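Working notes, beginning with the structure itself.
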Amino acid sequence: MNLVFLGPAGSGKGTQAKKLEADFGVVQISTGDLLRDAVRMGTELGQQADPLMKQGKLVPDDLVVGIIEERFQRGGLEKGFLLDGFPRTLPQAEALDGMLERNGLKIDKVLSLEVPEELLYERITGRRSCPKCGTVYHVSNAPPKRMGFCDVEGEPLVQRSDDSPEKLANRLEVFRTEIPKVKEHYARMGLLAEIHGVGTPDGIYTEIRKALGR
Ligand code: AMP
(Lines give C-alpha, C1' and ligand atoms only; values in the text may rest on other atoms or scores of the structure.)
Protein backbone atom coordinates (compact mmCIF):
# COMPACT_ATOMS: atom_id res chain seq x y z
CA MET A 1 0.00 0.00 0.00
CA ASN A 2 1.58 3.27 -1.14
CA LEU A 3 0.06 6.42 0.27
CA VAL A 4 0.46 10.18 0.16
CA PHE A 5 -0.61 12.35 3.08
CA LEU A 6 -1.56 15.95 2.34
CA GLY A 7 -2.39 18.34 5.13
CA PRO A 8 -1.08 21.55 6.68
CA ALA A 9 1.18 21.71 9.70
CA GLY A 10 -0.84 20.51 12.69
CA SER A 11 -3.37 18.51 10.69
CA GLY A 12 -2.30 15.30 12.45
CA LYS A 13 -0.38 13.67 9.58
CA GLY A 14 2.37 12.45 11.89
CA THR A 15 -0.04 10.92 14.41
CA GLN A 16 -2.05 9.12 11.74
CA ALA A 17 1.11 7.99 9.93
CA LYS A 18 2.29 6.23 13.10
CA LYS A 19 -1.01 4.28 13.26
CA LEU A 20 -0.77 3.23 9.61
CA GLU A 21 2.85 2.19 10.13
CA ALA A 22 1.87 0.01 13.10
CA ASP A 23 -1.11 -1.65 11.36
CA PHE A 24 0.14 -2.09 7.80
CA GLY A 25 3.93 -1.96 8.00
CA VAL A 26 4.11 0.96 5.60
CA VAL A 27 7.17 3.17 6.04
CA GLN A 28 6.61 6.86 6.77
CA ILE A 29 8.80 9.10 4.64
CA SER A 30 8.69 12.65 5.94
CA THR A 31 10.61 15.26 3.95
CA GLY A 32 10.50 17.56 7.00
CA ASP A 33 12.24 14.88 9.11
CA LEU A 34 14.78 14.08 6.38
CA LEU A 35 15.57 17.79 5.99
CA ARG A 36 15.89 18.30 9.76
CA ASP A 37 18.33 15.33 9.84
CA ALA A 38 20.37 16.96 7.07
CA VAL A 39 20.43 20.24 9.02
CA ARG A 40 21.57 18.45 12.20
CA MET A 41 24.32 16.63 10.30
CA GLY A 42 25.42 19.87 8.63
CA THR A 43 25.40 18.42 5.09
CA GLU A 44 25.43 20.75 2.08
CA LEU A 45 21.72 20.10 1.60
CA GLY A 46 21.13 20.88 5.28
CA GLN A 47 23.01 24.18 5.00
CA GLN A 48 20.90 25.20 2.00
CA ALA A 49 17.63 24.15 3.62
CA ASP A 50 18.20 25.54 7.13
CA PRO A 51 17.49 29.28 6.57
CA LEU A 52 14.42 28.51 4.44
CA MET A 53 12.99 26.10 6.98
CA LYS A 54 13.56 28.58 9.80
CA GLN A 55 11.38 31.09 7.92
CA GLY A 56 8.69 28.55 7.07
CA LYS A 57 9.48 28.82 3.34
CA LEU A 58 9.64 25.91 0.91
CA VAL A 59 12.96 24.29 0.11
CA PRO A 60 13.52 24.27 -3.71
CA ASP A 61 11.78 21.42 -5.57
CA ASP A 62 14.97 19.87 -6.99
CA LEU A 63 16.51 19.47 -3.52
CA VAL A 64 13.40 17.86 -2.04
CA VAL A 65 12.87 15.60 -5.06
CA GLY A 66 16.53 14.57 -4.69
CA ILE A 67 16.10 13.45 -1.07
CA ILE A 68 12.98 11.45 -1.97
CA GLU A 69 14.80 9.78 -4.86
CA GLU A 70 17.66 8.89 -2.50
CA ARG A 71 15.19 7.46 0.02
CA PHE A 72 13.54 5.27 -2.65
CA GLN A 73 16.96 3.96 -3.68
CA ARG A 74 17.74 2.91 -0.11
CA GLY A 75 14.80 0.45 -0.35
CA GLY A 76 13.08 -1.39 2.50
CA LEU A 77 9.71 -0.24 1.21
CA GLU A 78 8.28 -3.64 0.20
CA LYS A 79 5.21 -3.26 2.42
CA GLY A 80 4.60 0.20 1.08
CA PHE A 81 5.37 3.79 1.94
CA LEU A 82 3.54 6.79 3.24
CA LEU A 83 4.76 10.14 2.01
CA ASP A 84 4.31 12.82 4.67
CA GLY A 85 4.92 16.43 3.63
CA PHE A 86 5.70 15.56 0.01
CA PRO A 87 4.66 16.52 -2.64
CA ARG A 88 3.96 20.09 -1.61
CA THR A 89 3.96 21.67 -5.09
CA LEU A 90 2.66 20.60 -8.51
CA PRO A 91 6.21 20.18 -9.96
CA GLN A 92 7.03 17.89 -6.99
CA ALA A 93 3.90 15.82 -7.70
CA GLU A 94 4.87 15.53 -11.36
CA ALA A 95 8.44 14.56 -10.46
CA LEU A 96 7.03 11.92 -8.11
CA ASP A 97 4.86 10.47 -10.91
CA GLY A 98 7.99 10.04 -13.05
CA MET A 99 10.03 8.54 -10.20
CA LEU A 100 7.32 6.00 -9.39
CA GLU A 101 6.91 5.03 -13.03
CA ARG A 102 10.66 4.44 -13.40
CA ASN A 103 10.58 2.20 -10.30
CA GLY A 104 7.43 0.29 -11.35
CA LEU A 105 5.49 1.70 -8.38
CA LYS A 106 2.14 3.45 -8.05
CA ILE A 107 0.19 5.41 -5.46
CA ASP A 108 -2.92 3.70 -4.10
CA LYS A 109 -4.48 6.67 -2.33
CA VAL A 110 -3.85 10.33 -1.54
CA LEU A 111 -5.33 11.29 1.84
CA SER A 112 -5.94 14.98 2.43
CA LEU A 113 -6.52 15.87 6.09
CA GLU A 114 -8.88 18.84 6.26
CA VAL A 115 -8.63 20.97 9.42
CA PRO A 116 -9.83 24.59 9.96
CA GLU A 117 -6.94 27.04 10.34
CA GLU A 118 -7.87 28.35 13.78
CA LEU A 119 -7.40 24.84 15.18
CA LEU A 120 -3.97 24.53 13.55
CA TYR A 121 -2.58 27.52 15.49
CA GLU A 122 -3.57 26.02 18.80
CA ARG A 123 -2.23 22.57 17.89
CA ILE A 124 1.09 23.79 16.52
CA THR A 125 2.08 26.49 18.99
CA GLY A 126 1.46 24.04 21.86
CA ARG A 127 3.50 21.28 20.26
CA ARG A 128 6.66 20.11 22.07
CA SER A 129 8.92 17.16 21.34
CA CYS A 130 11.73 15.14 22.85
CA PRO A 131 15.07 15.91 21.19
CA LYS A 132 16.24 12.36 21.96
CA CYS A 133 13.38 10.01 20.96
CA GLY A 134 11.13 12.34 18.94
CA THR A 135 7.97 11.69 20.96
CA VAL A 136 5.56 14.56 20.35
CA TYR A 137 3.44 16.15 23.11
CA HIS A 138 1.00 19.05 23.35
CA VAL A 139 1.07 21.38 26.37
CA SER A 140 -2.68 21.00 26.96
CA ASN A 141 -4.06 18.26 24.63
CA ALA A 142 -1.38 15.61 25.23
CA PRO A 143 0.86 16.77 28.09
CA PRO A 144 3.73 14.68 29.45
CA LYS A 145 3.39 13.30 33.00
CA ARG A 146 5.93 15.82 34.25
CA MET A 147 5.44 19.20 32.55
CA GLY A 148 8.33 20.01 30.20
CA PHE A 149 10.01 16.58 30.29
CA CYS A 150 9.75 13.50 28.08
CA ASP A 151 7.92 10.50 29.63
CA VAL A 152 10.26 8.08 27.87
CA GLU A 153 13.69 9.72 28.13
CA GLY A 154 13.24 12.30 30.90
CA GLU A 155 14.84 14.88 28.57
CA PRO A 156 13.68 18.53 28.60
CA LEU A 157 11.17 18.98 25.75
CA VAL A 158 11.86 21.45 22.94
CA GLN A 159 9.75 23.49 20.54
CA ARG A 160 10.53 23.46 16.81
CA SER A 161 11.88 26.86 15.73
CA ASP A 162 9.25 27.05 12.96
CA ASP A 163 6.34 26.32 15.32
CA SER A 164 6.04 29.96 16.46
CA PRO A 165 2.86 31.88 15.42
CA GLU A 166 4.77 34.07 12.89
CA LYS A 167 6.55 31.16 11.16
CA LEU A 168 3.37 29.14 11.16
CA ALA A 169 1.56 31.98 9.33
CA ASN A 170 4.19 31.69 6.56
CA ARG A 171 3.89 27.92 6.38
CA LEU A 172 0.09 28.07 6.13
CA GLU A 173 0.26 30.78 3.45
CA VAL A 174 2.58 28.57 1.37
CA PHE A 175 0.25 25.64 1.91
CA ARG A 176 -2.84 27.64 0.84
CA THR A 177 -1.14 28.68 -2.40
CA GLU A 178 0.42 25.39 -3.49
CA ILE A 179 -1.70 22.53 -2.20
CA PRO A 180 -4.91 23.13 -4.21
CA LYS A 181 -2.90 22.44 -7.40
CA VAL A 182 -1.54 19.22 -5.91
CA LYS A 183 -5.03 18.14 -4.84
CA GLU A 184 -6.45 18.84 -8.31
CA HIS A 185 -3.66 16.75 -9.84
CA TYR A 186 -4.56 13.74 -7.72
CA ALA A 187 -8.31 14.30 -8.05
CA ARG A 188 -7.87 14.09 -11.84
CA MET A 189 -6.06 10.77 -11.33
CA GLY A 190 -8.98 9.54 -9.18
CA LEU A 191 -6.72 9.09 -6.13
CA LEU A 192 -7.82 11.87 -3.79
CA ALA A 193 -9.74 11.18 -0.57
CA GLU A 194 -10.59 14.16 1.66
CA ILE A 195 -10.68 13.26 5.36
CA HIS A 196 -12.35 15.44 8.00
CA GLY A 197 -9.41 15.90 10.37
CA VAL A 198 -11.26 17.15 13.47
CA GLY A 199 -12.08 14.82 16.35
CA THR A 200 -10.20 12.18 18.27
CA PRO A 201 -7.13 10.56 16.64
CA ASP A 202 -8.93 7.18 16.72
CA GLY A 203 -12.07 8.63 15.11
CA ILE A 204 -10.04 10.20 12.33
CA TYR A 205 -8.13 6.96 11.85
CA THR A 206 -11.45 5.12 11.36
CA GLU A 207 -12.29 7.57 8.55
CA ILE A 208 -8.91 6.93 6.97
CA ARG A 209 -9.38 3.18 7.05
CA LYS A 210 -12.80 3.58 5.46
CA ALA A 211 -11.26 5.62 2.66
CA LEU A 212 -8.66 2.88 2.17
CA GLY A 213 -11.32 0.16 2.22
CA ARG A 214 -9.49 -1.62 5.10
P1 AMP B 1 7.27 19.81 7.98
O2 AMP B 1 7.98 19.07 9.06
O3 AMP B 1 6.59 18.89 6.99
O4 AMP B 1 6.32 20.85 8.52
O5 AMP B 1 8.39 20.58 7.14
C6 AMP B 1 9.21 21.55 7.75
C7 AMP B 1 9.83 22.45 6.70
O8 AMP B 1 10.65 21.66 5.81
C9 AMP B 1 8.86 23.16 5.79
O10 AMP B 1 8.34 24.34 6.35
C11 AMP B 1 9.75 23.43 4.57
O12 AMP B 1 10.65 24.49 4.83
C13 AMP B 1 10.57 22.15 4.49
N14 AMP B 1 9.90 21.12 3.65
C15 AMP B 1 9.42 19.91 4.07
N16 AMP B 1 8.89 19.21 3.04
C17 AMP B 1 9.02 20.02 1.94
C18 AMP B 1 8.65 19.88 0.57
N19 AMP B 1 8.02 18.78 0.11
N20 AMP B 1 8.96 20.89 -0.28
C21 AMP B 1 9.60 21.99 0.16
N22 AMP B 1 9.96 22.20 1.43
C23 AMP B 1 9.69 21.22 2.32
Side-chain angles (χ1 to χ4, degrees), residues 2-18 20-21 27-72 81-100 107 110-115 117 119-131 134-138 158-183 185-186 197:
N2 297 325
L3 305 172
V4 170
F5 244 139
L6 303 178
S11 59
K13 298 189 299 287
T15 305
Q16 297 299 329
K18 292 277 170 289
L20 288 162
E21 268 188 327
V27 176
Q28 178 193 13
I29 302 175
S30 152
T31 40
D33 285 347
L34 291 170
L35 287 166
R36 278 184 289 277
D37 286 345
V39 170
R40 248 192 313 275
M41 291 186 300
T43 64
E44 205 183 313
L45 165 72
Q47 286 171 26
Q48 280 175 278
D50 191 34
L52 296 165
M53 292 174 75
K54 283 205 175 105
Q55 295 170 62
K57 290 187 179 157
L58 287 184
V59 173
D61 289 336
D62 56 335
L63 296 183
V64 186
V65 168
I67 58 168
I68 288 287
E69 204 143 24
E70 226 170 68
R71 180 62 195 85
F72 277 141
F81 57 79
L82 193 170
L83 291 172
D84 167 0
F86 178 91
R88 262 187 167 82
T89 65
L90 185 57
Q92 288 180 18
E94 289 167 346
L96 176 63
D97 290 345
M99 238 187 293
L100 293 174
I107 294 169
V110 175
L111 301 161
S112 174
L113 281 174
E114 309 288 328
V115 180
E117 267 195 25
L119 271 184
L120 301 177
Y121 274 89
E122 201 254 319
R123 286 190 189 176
I124 285 293
T125 54
R127 180 159 76 172
R128 302 288 183 275
S129 64
C130 173
T135 304
V136 179
Y137 301 88
H138 186 279
V158 295
Q159 182 176 33
R160 264 172 59 173
S161 64
D162 57 352
D163 276 352
S164 65
E166 315 77 60
K167 306 293 166 55
L168 180 60
N170 257 345
R171 290 159 73 198
L172 293 179
E173 174 60 30
V174 170
F175 186 84
R176 271 196 300 268
T177 320
E178 298 297 330
I179 285 295
K181 294 174 242 175
V182 178
K183 280 173 69 174
H185 178 75
Y186 288 122

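From a predicted model like this one, the values you see are computed outputs, not experimental measurements. Both counts, for ligands and for their atoms, begin at 1 and track the order of listing. Side-chain atoms are counted along with the backbone in the values below, which use heavy atoms only and exclude waters and symmetry mates.
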Exercise. Between CD of Gln28 and CG of Leu20, what distance do you get to the nearest 0.5 Å?
Worked result: 9.5 Å
For this session: Applying salt bridge (Lys or Arg N to Asp or Glu O under 4.0 Å), name anything that partners Glu114, two or more places apart in sequence or on another chain.
Result: Lys183
For this session: Report the residues that fulfil salt bridge (Lys or Arg N to Asp or Glu O under 4.0 Å) with Asp61, sequence neighbours left out, ordered by chain and then residue number.
Result: none
Seminar exercise, completed: Contact set, ligand 1, heavy-atom distance under 4.0 Å, ordered by chain/number, equals Thr31, Gly32, Leu35, Arg36, Met53, Lys57, Leu58, Val59, Val64, Gly85, Phe86, Arg88, Gln92, Arg160, Asp162, Arg171
For this session: Can you measure from CG (Leu63) to OG1 (Thr31) and round to the nearest 0.5 angstrom?
Result: 12.0 Å
Problem set entry | Partner of Ile67 by side chain to side chain contact (heavy atoms under 4.5 Å, CB included), out of Val59, Asp37, Leu34 | Leu34
Side-chain donor/acceptor pairs under 3.5 Å, residues 163-170, sequence neighbours excluded:
unit_1 : atom_1 : unit_2 : atom_2 : d
Asp163 : OD1    : Arg127 : NH2    : 3.2
Asp163 : OD1    : Arg171 : NH1    : 2.9
Asp163 : OD2    : Arg127 : NE     : 3.0
Asp163 : OD2    : Arg127 : NH2    : 3.4
Ser164 : OG     : Glu166 : OE1    : 3.4
Ser164 : OG     : Lys167 : N      : 3.4
Lys167 : NZ     : Lys54  : O      : 3.4
Asn170 : ND2    : Gln55  : O      : 2.6

